[in-house]
There are 2 protein chains.
Amino acid sequence: MHSTAEENYIKAIYKLSGNGANAVSTTGLSDMLATKPASVSDMLRKLSAKDLVHYVKYHGVQLTEEGQRVALKIIRKHRLWEVFLVQKLNFTWDEVHEVAEQMEHVKSELLVQRLDEFLGHPRVDPHGDPIPTEAGELPEMEQRALASLEVEQKGVVCRVKDSQPAFLQYLNRVGIQIGTQLQVVDKIPYDNSLEISINKNKSVILSSDVLEKIFVINP
Amino acid sequence: MHSTAEENYIKAIYKLSGNGANAVSTTGLSDMLATKPASVSDMLRKLSAKDLVHYVKYHGVQLTEEGQRVALKIIRKHRLWEVFLVQKLNFTWDEVHEVAEQMEHVKSELLVQRLDEFLGHPRVDPHGDPIPTEAGELPEMEQRALASLEVEQKGVVCRVKDSQPAFLQYLNRVGIQIGTQLQVVDKIPYDNSLEISINKNKSVILSSDVLEKIFVINP
DNA sequence: ATAAAAGTTTAGGTTTGTCTAAATTAAATT
DNA sequence: AATTTAATTTAGACAAACCTAAACTTTTAT
Ligand SMILES: [Mn+2]
Ligand SMILES: [Mn+2]
Ligand SMILES: [Mn+2]
Ligand SMILES: [Mn+2]
């Protein structure tokens, strides 16, 4: 089997590559994993020997078919555990990521299967991220970044693309969660921030940084 | 915090010492952990430096107060996860141990607390082993080994002291589980095996090996 | 086209947890 | 009490996963 370290590299490559599309750089990985580039080079040589990645020295790395299968399995487990923590153990969405980072490495096919059943085959995790199916498919959803809405346009929050507690707690404070109704009240061209009304109620100004991390569907 | 390897040593010392009472030998540990005695010596030096054990070279090892606290926390997590797997995910009692061995190392106080609540503060795990409380107490239950019963005496199975799938599957086959009513029909002095009737029904002969691993309370 | 800068890899270490083989200590036998 | 045997520890290695410093490619700027 694969070690926890290997699994974390595979997951990081998957995420940085934009679901397997592009090649990923050594420094990109070292940033994401909080290791040094030298350590990444070592690991890439190893993953390459195991045929989990295509690795061309100095030119980046991509997952093989097998590597992608492995990545999706880990992500499936991570997101199922997040659902479990929120729905069954009353965790909040800002408390789950760190724990799921540990649980995703527990090895048992039966466990994942049964957990999925127990949760009623959920489609998305508490942050709105889709859960890969047992067959290894990752359902795509049509959705747009909040940043792309024009004045007057409405949307319902379906996904947030950052699981850091600090970010999620900020959303808690302004009153944004999955399912929240938003409408763009005004646009501030100076810095591309938007004034957003929340649940047809009070409005806040969100920075373009934040706007890029929130996704909505048409209401 | 403590590594998975350290936690496994602490748990092994706890179990071999009979709940902290006696000193434990290097070979005893190497047997239980499937490592070589030399590796055990190394680890004991390390645990001793961390004040988790009292270690006197050539004379065995015992857990410190702190070591016992750590041991009971790990055992608490192990047994709570076993309950979860059986009661919520429909695992059988012979399927849970291996998975719980992994889950017991997940670090999150909140997780243990919430899991305990979710399960309704269970007292015993699927093998009848008591679950240490949050305060670190291990409730003792009066119970006797099946081996100690005389002819005609009855008992209700409350605990089995071996979690190997092969053993538990053997019990499944003869029809013994937690709560099963047993009565000693006859004693075979030659090898100390007993003929046991199961649920007032068909009877089987159990070896003294097996009899030592099954515990009963008075019906 | 060359030189500087940025990104990446290699060389050589460290820590953790394991191993084998040799040395040491304790226990059991004579 | 001396000797043999068994248990345990130490010495020296190794793999995994990380590090720093130095060397090497690739990219960017002059
Ligand atoms: Mn997450
Ligand atoms: Mn998530
Ligand atoms: Mn168990
Ligand atoms: Mn158990």
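Sequence lines set the chain letters: A, B, ... in the order given, protein chains first and strands last, and positions in each chain run from 1. Values below: every heavy atom of this structure, side chains too, minus hydrogens, waters and symmetry copies.
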In chain order, what residues pass the ring-ring contact (aromatic ring centres under 6.0 Å, His included) check against Y9(B), with sequence neighbours excluded?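 Listed in chain order: nothing, the list is empty.
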Please give, in whole Å, the distance from [N] [atom2] to [X] [atom1]?
X: L33(B); N: dT16(C); atom1: CG; atom2: C1'; result: 16 Å
X: M43(B); N: dT15(C); atom1: CE; atom2: P; result: 16 Å
X: K36(B); N: dA21(C); atom1: NZ; atom2: C1'; result: 12 Å

Please list all pairs meeting salt bridge (Lys or Arg N to Asp or Glu O under 4.0 Å) that have one or both residues in [range], counting only residues at least two apart or in different chains.
range: residues 138-148 of chain A; result: none
range: residues 125-139 of chain B; result: R79(B)-D125(B), D129(B)-R159(B)
range: residues 88-100 of chain A; result: none

By side-chain contact (heavy atoms from CB on, under 4.5 Å), which residues pair with [X], not counting sequence neighbours?
X: E109(B); result: K73(B)
X: S208(B); result: N192(B)
X: E117(B); result: R114(B), H121(B)

With a 4.0 Å cut-off, would you call E212(A) and K161(A) a salt bridge?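 Not counted as a salt bridge, because no side-chain N and carboxylate O are separated by less than 4.0 Å.
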Output the residues of residues 9-18 of chain A in contact with DNA chain C, where contact means a heavy atom of the residue under 4.0 Å from an atom of the strand; sort by number or write none.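 Within this stretch, nothing sits under 4.0 Å of the strand.
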Which ones in residues 100-107 of chain A lie close to DNA chain C, meaning a heavy atom under 4.0 Å from one of its atoms?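 Within residues 100-107 of chain A, no residue comes under 4.0 Å of DNA chain C.
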Kindly list each side-chain donor-acceptor pair under 3.5 angstrom involving residues 50-60 of chain A, sequence neighbours excluded, with atom names and distances?
unit_1: K50(A); atom_1: NZ; unit_2: E6(A); atom_2: OE1; d: 3.1
unit_1: K50(A); atom_1: NZ; unit_2: E6(A); atom_2: OE2; d: 3.0

Pair listing, ring pair (Phe, Tyr, Trp, His ring centres under 6.0 Å) test, anchored in residues 95-119 of chain A, at least two apart: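 Passing the test, one end in residues 95-119 of chain A: H78(A)-H97(A).
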Where along nucleotides 6-11 of chain C does protein come under 4.0 Å, by heavy atom, of base (B) or sugar-phosphate alone (S), with - for untouched nucleotides? -BBBB-
